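Notes follow once the structure below has been shown.
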2 protein chains.
Amino acid sequence: MAREQKGADAASGGDDAGGDIKIGGRLRHARLMKGMSLKDVAAGIGVSESFISKLENDKVQPSLAVLHRLVALLGINVAAMFNNETEGGGPLFVMRAGERPTITTRLRQKTDGVVLERLIPQTKNALLQVNIHQVVPGGGSHGLISHVGEEMGYVLEGTLDLTVGDQVCRLYAGDSFFFPSEELHGYTNPGDRVARILWVNTPPTF
Amino acid sequence: MAREQKGADAASGGDDAGGDIKIGGRLRHARLMKGMSLKDVAAGIGVSESFISKLENDKVQPSLAVLHRLVALLGINVAAMFNNETEGGGPLFVMRAGERPTITTRLRQKTDGVVLERLIPQTKNALLQVNIHQVVPGGGSHGLISHVGEEMGYVLEGTLDLTVGDQVCRLYAGDSFFFPSEELHGYTNPGDRVARILWVNTPPTF
DNA sequence: ACTGCTTAGTCAAGTTGCTTGATTATCCAT
DNA sequence: ATGGATAATCAAGCAACTTGACTAAGCAGT
């Protein structure tokens with residue numbers, strides 16, 4: 001009686017739930033962004049902790065009701081789960097060295113001579129935000145930004161005085177840094193030539 | 001889940017071992033940079049896991065023999081424990097240009113002559129994973145990885161042939177790229193000198 | 001309706017990574 | 001020796017997460 005049975009998910013390679021779209025990774029990302037644990041999320045939407053675990057590992061598909069509560073709690077929208085399309089032709093998006101858009105950010109007058117150069121497309125639901133900050137000598141960003149997530153940077157050239165919390169650190173070309181975005185952070189260029197820093201944020205939303 | 005910081009023992013009166021120099025934080029940083037667990041380190045130098053924990057929490061001072069094995073395993077030198085540079089206390093994590101661990105990784109696939117240089121510590125639930133890939137001429141990684149998330153890169157120097165899905169693109173110094181990690185991707189270095197690419201993944205949950 | 005299959009969701013046990021308290025072993029100074 | 005400090009171990013515990021067995025609800029097809 002035991003017939004050939006499975007075959008259903010053979011195409012999608014494993015024990016994921018039914019071969020549907022995989023949203024687990026994005027859910028996990030959004031959760032980690034908010035600094036929540038499985039238990040937090042589970043309690044927040046009224047399901048079990050293990051169920052969230054299975055969701056994030058694509059072992060199950062949530063019902064619409066659950067999904068709705070979930071995205072509401074995580075501060076994302078349902079659309080963010082499904083559009084994995086980068087606009088344009090293929091999935092690969094390349095921006096050439098001289099052809100990237102530069103944004104002169106003078107959010108306030110405190111942002112002296114910082115030019116942002118966008119390295120990746122800014123889709124609305126992106127998980128990454130990467131820019132090259134060009135800071136003129138004496139310039140800097142005294143942003144008292146404090147958002148969730150993590151950020152890191154790599155000094156391409158020049159010198160940078162980076163302040164994070166109450167730590168100040170002078171960075172030179174080739175140095176890299178990392179800190180949780182909750183910390184207040186700002187920077188200035190103490191050198192006498194332009195500093196260029198490749199800066200990575202996650203996530204850009206919220 | 002806010003991060004609990006405890007921060008009480010800064011005044012050297014706490015339960016740290018003997019009021020000596022505190023090397024725990026640096027040991028932990030070095031360990032995280034290598035992406036190792038307490039158990040890994042403990043097994044690597046032949047002590048118990050809990051002992052490493054106490055070391056990193058400055059509950060105990062290692063013997064010279066243990067310290068020697070420790071720094072050998074972590075790829076640091078004993079001097080790095082005692083020069084009172086910036087790092088140690090706060091949330092900011094800085095890796096100097098020449099001091100980053102390089103991992104001659106043979107990822108699962110054939111990874112010909114690719115050296116990874118880790119730019120940020122590798123914790124379990126990190127949202128970012130950033131490395132500099134050093135690819136020798138003719139070398140490359142044909143990783144058939146397909147995980148959830150996004151990734152991007154920035155060519156620091158050299159030339160790279162990047163394959164994503166069925167697209168192939170030749171990249172030069174200063175170019176940047178971006179694609180969703182679900183796509184199969186690999187790369188080779190078609191040039192005649194080393195290529196260095198700053199590579200960002202999110203999330204590294206696989 | 002009934003039967004059977006699939007699957008969202010729960011409960012409990014297991015795993016991992018780390019911390020802590022109690023205990024033993026080792027060194028060093030009287 | 002002998003006692004005290006402490007390096008190091010063992011075992012228990014905790015928190016975050018995963019996994020397997022189970023329950024229940026939906027949706028087919030006779």
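Chain letters run A, B, ... following the sequence lines, proteins first and then strands; every chain starts at 1. Predicted, not measured: the structure shown is a model, and the values here were computed from it.
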Identify all pairs in which a protein N or O lies below 3.5 Å from an N or O of nucleotides 22-25 of chain C, and state each distance.
from: C:dA22; atom 1: N6; to: B:K54; atom 2: NZ; distance (Å): 3.1

Report summary line: Contacts of B:S63 meeting side-chain hydrogen bond (donor to acceptor under 3.5 Å, both in side chains) (sequence neighbours excluded), chain-then-number -> none

Query raised in the report: Please give, in whole Å, the distance from C:dT7 C1' to A:L55 CG?
Result: 13 Å

Requested in this report: Could I get the full list of salt bridge (Lys or Arg N to Asp or Glu O under 4.0 Å) partners for A:E117, not counting sequence neighbours?
Outcome: A:R100

Query raised in the report: So, the side chain of A:H185 versus the backbone of A:E183: is there a donor-acceptor pair under 3.5 Å, distance only?
Result: yes

Query raised in the report: Out of D:dT9, C:dG9, D:dA7, which has the shortest distance to the side chain of B:S48?
Result: D:dT9

Report task. Starting at atom CG of B:L64, determine the distance to atom C1' of D:dT6, rounded to an integer number of angstrom. Result -> 15 Å

Report task. Please list, chain by chain and in numerical order, all residues satisfying ring-ring contact (aromatic ring centres under 6.0 Å, His included) with B:F177, sequence neighbours excluded. Result -> B:W199

Query - salt bridge (Lys or Arg N to Asp or Glu O under 4.0 Å) partners for A:R69, two or more places apart - result: none

Requested in this report: Report the residues that fulfil salt bridge (Lys or Arg N to Asp or Glu O under 4.0 Å) with A:D161, sequence neighbours left out, ordered by chain and then residue number.
Outcome: A:R170

Report summary line: Residues at least two apart in sequence or cross-chain that pass side-chain hydrogen bond (donor to acceptor under 3.5 Å, both in side chains) with A:N131, listed by chain then number, are none

Report summary line: Rounded to whole Å, the CD1-C1' distance (A:I52 to C:dC11) equals 15 Å

Query raised in the report: Sub-3.5 Å donor-acceptor pair from the side chain of A:E150 to the main-chain atoms of B:L127, do we have one?
Result: yes

Sequence neighbours left out, cut at 3.5 Å: what donor-acceptor pairs do the side chains of residues 48-55 of chain B make with other protein atoms?
from: B:S48; atom 1: OG; to: B:S50; atom 2: OG; distance (Å): 3.4
from: B:S48; atom 1: OG; to: B:F51; atom 2: N; distance (Å): 3.3
from: B:S53; atom 1: OG; to: B:N57; atom 2: ND2; distance (Å): 3.4

Requested in this report: Taking side-chain hydrogen bond (donor to acceptor under 3.5 Å, both in side chains) as the test, write out the residues that go with B:R118, two or more places apart.
Outcome: none

Query raised in the report: Got a sec, which residues hit side-chain contact (heavy atoms from CB on, under 4.5 Å) with A:N189, two or more places apart in sequence or on another chain?
Result: A:V135, A:P137, A:A195

Report each atom pair, protein N/O against N/O of nucleotides 23-28 of chain D, whose distance is under 3.5 angstrom.
none

Report task. Sugar-phosphate atoms are those with a prime plus P, OP1 and OP2; base atoms are the rest. Using that split, label each nucleotide of nucleotides 13-18 of chain C B, S or - for protein heavy atoms under 4.0 Å, 5' to 3'. Result -> -----B

Query - Distance in angstrom units between A:L67 CG and C:dG9 P, rounded - result: 10 Å

Requested in this report: Could you tell me the separation between the NZ atom of B:K59 and the C1' atom of C:dG21, rounded to a whole number of Å?
Outcome: 10 Å

Requested in this report: Tell me whether the OP1 or OP2 atom of C:dG9 has a side-chain N or O from A:S63 closer than 4.0 Å.
Outcome: yes

